[in-house]
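Heavy atoms only: backbone and side chains are in, while hydrogens, waters and symmetry mates are out.
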Amino acid sequence: MKLFTYGSLMSQDIMDEVSGRRFPSFSATADGFQRFCVRNEHYPGMVADYAGTVEGVVYDEVDHVAMERLDIFEGEMYTRQTIQVKQKNDDELIEVMAYIVKPHYQHLLSEEIWSYREFLEKGKRFFTEQYAGFRVIEER
């Protein structure tokens, strides 16, 4: 299965740790969505937004065991659903899975657009040290 990631999981080392293995990947964009900062966190949430476009990474050949680990990592705030993305430099639409913020959790999003570059520069270290999702996976 193909999984579109748009936040911390774009970082190969975080994806490897969460999923339990490495998968082939490529850059892609999701039109019709926007990614916002989650208040008081270093990670984003993605929601439908007809005028938006989100850049991310698609991991290919993700198996069911890895998807179960990812579901645990993402937690109750997100739902996994099918969306369409375009691979960079290609207009062909590809069907993928993505974690979208559930409607009743959208109030936790700020109005600030989340930046992967800023995450790498300022937030990744704090995220990997503090995020409870890593511990939840290991406890199961």
Side-chain angles (χ1 to χ4, degrees):
M1 141 177 6
K2 293 175 180 7
L3 176 68
F4 177 75
T5 61
Y6 56 86
S8 62
L9 293 173
M10 291 172 61
S11 182
Q12 184 74 57
D13 58 330
I14 294 174
M15 178 64 174
D16 291 353
E17 183 173 350
V18 172
S19 68
R21 60 178 283 230
R22 182 163 288 207
F23 298 99
S25 63
F26 57 87
S27 297
T29 57
D31 293 333
F33 292 92
Q34 189 55 269
R35 143 183 83 189
F36 295 100
C37 296
V38 174
R39 295 179 201 282
N40 303 313
E41 299 291 352
H42 296 284
Y43 56 88
M46 190 168 83
V47 294
D49 179 343
Y50 72 93
T53 297
V54 174
E55 294 186 3
V57 172
V58 172
Y59 292 96
D60 199 5
E61 303 171 20
V62 180
D63 58 44
H64 291 298
V65 171
M67 288 307 300
E68 287 176 13
R69 291 173 60 98
L70 289 156
D71 287 346
I72 294 166
F73 174 79
E74 291 295 346
E76 188 60 32
M77 184 173 159
Y78 300 87
T79 183
R80 183 168 28 111
Q81 66 184 54
T82 302
I83 66 168
Q84 293 184 330
V85 300
K86 294 179 194 170
Q87 187 170 350
K88 281 252 179 167
N89 305 318
D90 189 348
D91 285 337
E92 182 180 342
L93 291 173
I94 303 166
E95 205 164 83
V96 298
M97 300 303 293
Y99 289 98
I100 309 298
V101 176
K102 293 177 182 176
H104 57 278
Y105 286 102
Q106 290 180 8
H107 69 281
L108 298 175
L109 302 177
S110 72
E111 294 180 12
E112 181 182 354
I113 303 296
W114 188 85
S115 164
Y116 183 59
R117 182 183 51 76
E118 286 183 28
F119 172 75
L120 292 176
E121 292 173 1
K122 300 175 185 175
K124 182 178 176 183
R125 182 173 59 89
F126 295 109
F127 177 82
T128 55
E129 289 173 359
Q130 299 173 356
Y131 188 62
F134 291 123
R135 290 185 297 280
V136 172
I137 293 169
E138 296 308 319
E139 291 171 2
R140 291 194 180 204

Is atom CG of Asn40 surrounded by more than 12 heavy atoms (other residues, nucleotides or ligands) closer than 6.0 Å?
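No.
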Fit a plane to each ring of Phe127 and Phe73, take the angle between them on a 0 to 90° scale, and name the class: parallel (under 30°), tilted (30 to 60°) or perpendicular (over 60°).
perpendicular
Would a distance-only check, ignoring hydrogens and angles, find a side-chain to backbone donor-acceptor pair under 3.5 Å from [X] to [Y]?
{"X": "Arg35", "Y": "Glu55", "answer": "yes"}
{"X": "Ser19", "Y": "Ala66", "answer": "no"}
{"X": "Tyr6", "Y": "Val54", "answer": "no"}

To the nearest 0.5 Å, how far apart are [atom1] in [X] and [atom2] in [Y]?
{"X": "Leu109", "Y": "Cys37", "atom1": "CG", "atom2": "SG", "answer": "9.0 Å"}
{"X": "Lys2", "Y": "Thr82", "atom1": "NZ", "atom2": "OG1", "answer": "12.5 Å"}
{"X": "Thr79", "Y": "Met77", "atom1": "OG1", "atom2": "CE", "answer": "12.5 Å"}
{"X": "Ser27", "Y": "Phe4", "atom1": "OG", "atom2": "CZ", "answer": "9.5 Å"}
{"X": "Gln12", "Y": "Arg22", "atom1": "CD", "atom2": "CZ", "answer": "4.0 Å"}
{"X": "Met1", "Y": "Glu61", "atom1": "CE", "atom2": "CD", "answer": "12.5 Å"}

Student check: side-chain heavy atoms of [X] and [Y] closer than 4.5 Å:
{"X": "Phe26", "Y": "Val57", "value": "no"}
{"X": "Ser11", "Y": "Tyr116", "value": "yes"}
{"X": "Arg39", "Y": "Leu108", "value": "no"}
{"X": "Thr53", "Y": "Phe33", "value": "no"}
{"X": "Leu9", "Y": "Leu70", "value": "yes"}

Could you give the side-chain donor-acceptor pairs of residues 84-94 under 3.5 Å, partners two or more places apart or in another chain?
{"from": "Lys86", "atom 1": "NZ", "to": "Asp31", "atom 2": "OD2", "distance (Å)": "3.3"}
{"from": "Asp90", "atom 1": "OD1", "to": "Glu92", "atom 2": "N", "distance (Å)": "3.0"}

Listed once per pair and sorted, the ring pair (Phe, Tyr, Trp, His ring centres under 6.0 Å) pairs that draw on residues 85-115, sequence neighbours left out:
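Listed once each, the pairs are Trp114-Phe119.
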Test Phe36 against Ile113 for side-chain contact (heavy atoms from CB on, under 4.5 Å), laying out the working first.
CA-CA 4 Å; Phe36 295 100; Ile113 303 296; 3.6 Å; yes
Test salt bridge (charged side-chain N to carboxylate O under 4.0 Å, His left out) applied to Lys102 and Glu76, step by step:
CA-CA 8 Å; Lys102 293 177 182 176; Glu76 188 60 32; 2.8 Å; yes
Candidates Met67, Met97, Arg69, Arg21 - the one meeting side chain to side chain contact (heavy atoms under 4.5 Å, CB included) with Val62:
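Exactly one pass, corresponding to Met67.
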Quick check: closest heavy atoms across Pro44 and Ser8, and the distance to 0.1 Å?
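Taking Pro44 first and Ser8 second, the nearest heavy atoms are CD-N, 4.4 Å.
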Closest approach of Ile83 to Ala98 (non-hydrogen atoms, all atoms of both residues)
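Minimum heavy-atom contact is CD1-CB, 3.7 Å.
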For Glu111, which residues count as a side-chain contact (heavy atoms from CB on, under 4.5 Å) partner, sequence neighbours excluded?
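With sequence neighbours excluded, Glu111 shows a side-chain contact (heavy atoms from CB on, under 4.5 Å) to no residue whatsoever.
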